[in-house]
Peer 1: 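One structure, as structure tokens, below. Some questions next.
In what follows, every chain begins at residue 1, and chains take the letters A, B, ... in the order their sequences are listed.
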Protein chains: 2
Amino acid sequence: MTGQSGRPSSSSDQPSGSVDGVEPRWLSEEDQRTWLALGSVLLRLPGALDAQLQRDAGISHFEYVVMAALSESPERTLRMSILAVMAESGLPRLSQVVTRLEKRGWVKRSPDPTDGRSTLATLTEDGWDKVVASAPGHVEEVRRLVFDPLTKAQLRQLNEISRRVITVIDPDDRCLR
Amino acid sequence: MTGQSGRPSSSSDQPSGSVDGVEPRWLSEEDQRTWLALGSVLLRLPGALDAQLQRDAGISHFEYVVMAALSESPERTLRMSILAVMAESGLPRLSQVVTRLEKRGWVKRSPDPTDGRSTLATLTEDGWDKVVASAPGHVEEVRRLVFDPLTKAQLRQLNEISRRVITVIDPDDRCLR
DNA sequence: GGCGGTTTGTTCAACCTTTAACCAAAGCGT
DNA sequence: ACGCTTTGGTTAAAGGTTGAACAAACCGCC
């Protein structure tokens, strides 16, 4: 119930005599149901993904994303700022996660020779093994929760729907390529 | 980039000679793009909603949901445990948020006369005013980010898609009614 | 070459969430 | 009525995230 947009069932219901000038366009019954369902997905899908990785691999989804991004980069290395963009997180958050991963021996930091300000994060051999070991289970879960229950047509729609929503939230986004 | 399922571009790529027996079914190129886009929505839509409410009303999305749920209940009152289910949160989280809302004068607690264990949360007059004041802006944002950019057909699909995903995550869910 | 302004990254503090422990009241069998 | 278990809720501690402040290095311009 993230959604349903909590329109209090006021006494002055549908009529257009609002206090502040314009009467808000409330959601229709059907739209409310849609919003309710979407809200639930928004709230639970990330949790479910996290749970699987935590359970089977002992890492958070975010940690996985960071290591996965490194694993696909040349030299398995990325600058912190680039990595932050790819992981859709701020620098502080990334910095602490990398510290955590470094302590576990999966990532190591090194100064960038070409730019004294920036740091390079590199996935270690152990880190690569960790990603390889974790990926199948994670992919399987993604497939089970999202791709298997939907038809091909729905997946195409889901792609287009997501794309449109993102465009509104952040018009200049790298996710659209 | 929550998603893309971080399949490390291994040297042993598509072939089915896996170490642990079964080769995972990787995602197709197109599915990866879909997953990437969905991941971005999962990550940013909640943030965008929170941002709007924080900016315009000074409350979090969760606080709004709690108050909205109360505003639609008889007597504007709900038992904590029921409210927790409706807000899709655990009791501890709810308890602290209600404490916060109580301090702001928007909610008050009272013991349940019919059951000495449980507590009733009631939306005060001020709380009701707060919800009424916040709702239009929130609904407008939901509409702007999700409903306006999508076609009627896409909204129907989105409803069905969400429903299916939730069913897999949590087969016995009250959201389906 | 040196000075201001900007980028990059880390650290610190405040806040929120989650997990576990805890207490009080209710149900329930004897 | 007495214990035992279950349910409802709060509290305490631990972990993670966000925002502000800070240090270091680069860049452009004089």
Side-chain angles (χ1 to χ4, degrees), chain A residues 2 42-44 46-55 58-67 69-70 77-104 107-122, chain B residues 2 42-44 46-55 58-67 69-70 77-104 107-122:
Chain A
T2 283
L42 252 34
L43 203 51
R44 302 186 167 202
L49 261 21
D50 251 321
Q52 182 273 323
L53 278 169
Q54 199 67 54
R55 175 167 44 79
I59 59 179
S60 71
H61 181 61
F62 183 64
E63 292 173 323
Y64 175 82
V65 169
V66 168
M67 291 199 287
L70 287 176
T77 298
L78 243 28
R79 284 180 42 186
M80 292 292 281
S81 52
I82 307 287
L83 187 51
V85 173
M86 296 182 70
E88 309 206 37
S89 88
L91 250 0
R93 185 183 180 190
L94 178 62
S95 185
Q96 277 164 316
V97 168
V98 167
T99 302
R100 223 150 49 217
L101 294 176
E102 217 172 2
K103 259 173 214 156
R104 299 233 242 169
V107 172
K108 71 174 174 23
R109 276 187 240 241
S110 54
D112 186 340
T114 76
D115 186 340
R117 297 170 291 184
S118 68
T119 350
L120 300 177
T122 305
Chain B
T2 284
L42 253 34
L43 202 52
R44 303 188 166 200
L49 261 22
D50 250 321
Q52 182 274 322
L53 277 169
Q54 200 66 54
R55 175 167 43 80
I59 58 179
S60 72
H61 180 62
F62 182 65
E63 291 173 325
Y64 175 81
V65 169
V66 168
M67 289 198 289
L70 287 175
T77 297
L78 243 29
R79 285 179 43 186
M80 291 294 281
S81 52
I82 306 287
L83 187 50
V85 172
M86 296 183 70
E88 308 205 40
S89 88
L91 248 2
R93 185 183 182 191
L94 179 62
S95 186
Q96 276 164 320
V97 168
V98 167
T99 302
R100 230 157 34 222
L101 294 176
E102 214 171 5
K103 260 173 214 154
R104 299 233 241 168
V107 172
K108 70 174 172 27
R109 277 187 240 240
S110 55
D112 185 340
T114 76
D115 186 340
R117 297 171 290 183
S118 67
T119 356
L120 300 176
T122 305

Peer 1: Does the side chain of Ser60(B) get closer than 4.0 angstrom to OP1 or OP2 of dC16(C) through an N or O atom?
Peer 2: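 No, no such contact exists.
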
Peer 1: Rounded to whole angstroms, how far apart are CZ on Phe62(A) and C1' on dG15(D)?
Peer 2: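 Atom CZ in Phe62(A) sits about 15 Å away from atom C1' in dG15(D).
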
Peer 1: Would you mind reading off the distance between Leu91(A) atom CG and dA21(D) atom P, rounded to a whole angstrom?
Peer 2: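 Those two atoms, CG and P, are 17 Å apart.
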
Peer 1: Could you state the atom-to-atom distance from CG of Leu43(A) to P of dT17(C) in whole Å?
Peer 2: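 In whole Å, dT17(C) P lies 11 Å from Leu43(A) CG.
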
Peer 1: Under 4.0 Å between any heavy atoms, over every strand shown, what does Asp115(A) touch: base, sugar-phosphate, or nothing? Just pick one.
Peer 2: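 Answer is sugar-phosphate: Asp115(A) comes under 4.0 Å of backbone atoms only.
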
Peer 1: Could you tell me the separation between the NE2 atom of His61(A) and the C1' atom of dG16(D), rounded to a whole number of Å?
Peer 2: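 Those two atoms, NE2 and C1', are 16 Å apart.
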
Peer 1: Rounded to the nearest Å, what distance is computed from the OH atom of residue Tyr64(A) to the C1' atom of nucleotide dG16(D)?
Peer 2: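 About 21 Å, once rounded to whole Å.
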
Peer 1: With a 4.5 Å heavy-atom cut-off, do Ser81(B) and Leu94(B) have their side chains touching?
Peer 2: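 Sidechains of Leu94(B) and Ser81(B): no contact.
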
Peer 1: Go through residues 92-100 of chain B and report each residue with a non-hydrogen atom lying under 4.0 Å from DNA chain D, sorted by number.
Peer 2: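 Nucleic-acid contacts, sorted: Pro92(B), Ser95(B).
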
Peer 1: With the side chain of Thr119(B) defined as its heavy atoms from C-beta on, choose the nearest nucleotide among dT10(C), dT8(C), dG9(D).
Peer 2: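 Nearest to the side-chain atoms of Thr119(B), counting from C-beta on, is dG9(D).
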
Peer 1: Distance check: side-chain N/O of Ser118(B) vs OP1/OP2 of dA25(C), anything under 4.0 Å?
Peer 2: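 No, Ser118(B) has no side-chain N/O under 4.0 Å of OP1/OP2 on dA25(C).
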
Peer 1: Taking all non-hydrogen atoms of both residues into account, name the closest pair between Val66(A) and Ala87(A) and its distance.
Peer 2: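 Scanning both residues completely, I find the closest heavy atoms to be CG2-CB, 4.3 Å.
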
Peer 1: Just by distance, do the side chain of Glu102(B) and the backbone of Arg109(B) share a donor-acceptor pair under 3.5 Å?
Peer 2: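 Indeed, once roles are kept as given, a pair shorter than 3.5 Å links the two residues.
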
Peer 1: Measure CD/Glu88(A) against C1'/dT18(D) and give the value in whole Å, please.
Peer 2: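 Atom CD in Glu88(A) sits about 17 Å away from atom C1' in dT18(D).
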
Peer 1: Please pick, from dG9(C), dT10(D), dT7(C), the nucleotide with the shortest atom-to-atom distance to any side-chain atom of Met80(A).
Peer 2: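 Shortest atom-to-atom distance from the side chain points to dG9(C).
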
Peer 1: Rounded to the nearest angstrom, tell me the gap between atom CZ in Arg117(A) and atom C1' in dG5(C).
Peer 2: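 Rounded to whole Å, this separation is 12 Å.
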
Peer 1: So, taking the atom named CD in Gln96(B) and the one named CZ in Arg100(B), what distance separates them when rounded to the nearest 0.5 Å?
Peer 2: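 Going from CD on Gln96(B) over to CZ on Arg100(B), the span is 7.5 Å.
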
Peer 1: Quick one: are Leu42(A) and Leu42(B) in side-chain contact, heavy atoms under 4.5 Å?
Peer 2: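 Yes, their side chains come closer than 4.5 Å.
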
Peer 1: Residues in side-chain hydrogen bond (donor to acceptor under 3.5 Å, both in side chains) with Ser89(A), at least two apart?
Peer 2: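 If we apply the side-chain hydrogen bond (donor to acceptor under 3.5 Å, both in side chains) test to Ser89(A), skipping adjacent residues, there are no hits.
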
Peer 1: Are the side chain of Asp112(A) and the backbone of Leu120(A) linked by a donor-acceptor contact shorter than 3.5 Å?
Peer 2: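 Answer holds: no.
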
Peer 1: Send over the distance from Leu101(A) CG to dT10(C) P, rounded to a whole Å.
Peer 2: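 Spelled out: CG on Leu101(A) to P on dT10(C) is 13 Å.
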
Peer 1: DNA chain D: Thr114(A) or Arg109(B), which has the more 5' nearest nucleotide?
Peer 2: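 Its nucleotide being nearer the 5' end, the pick is Arg109(B).
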
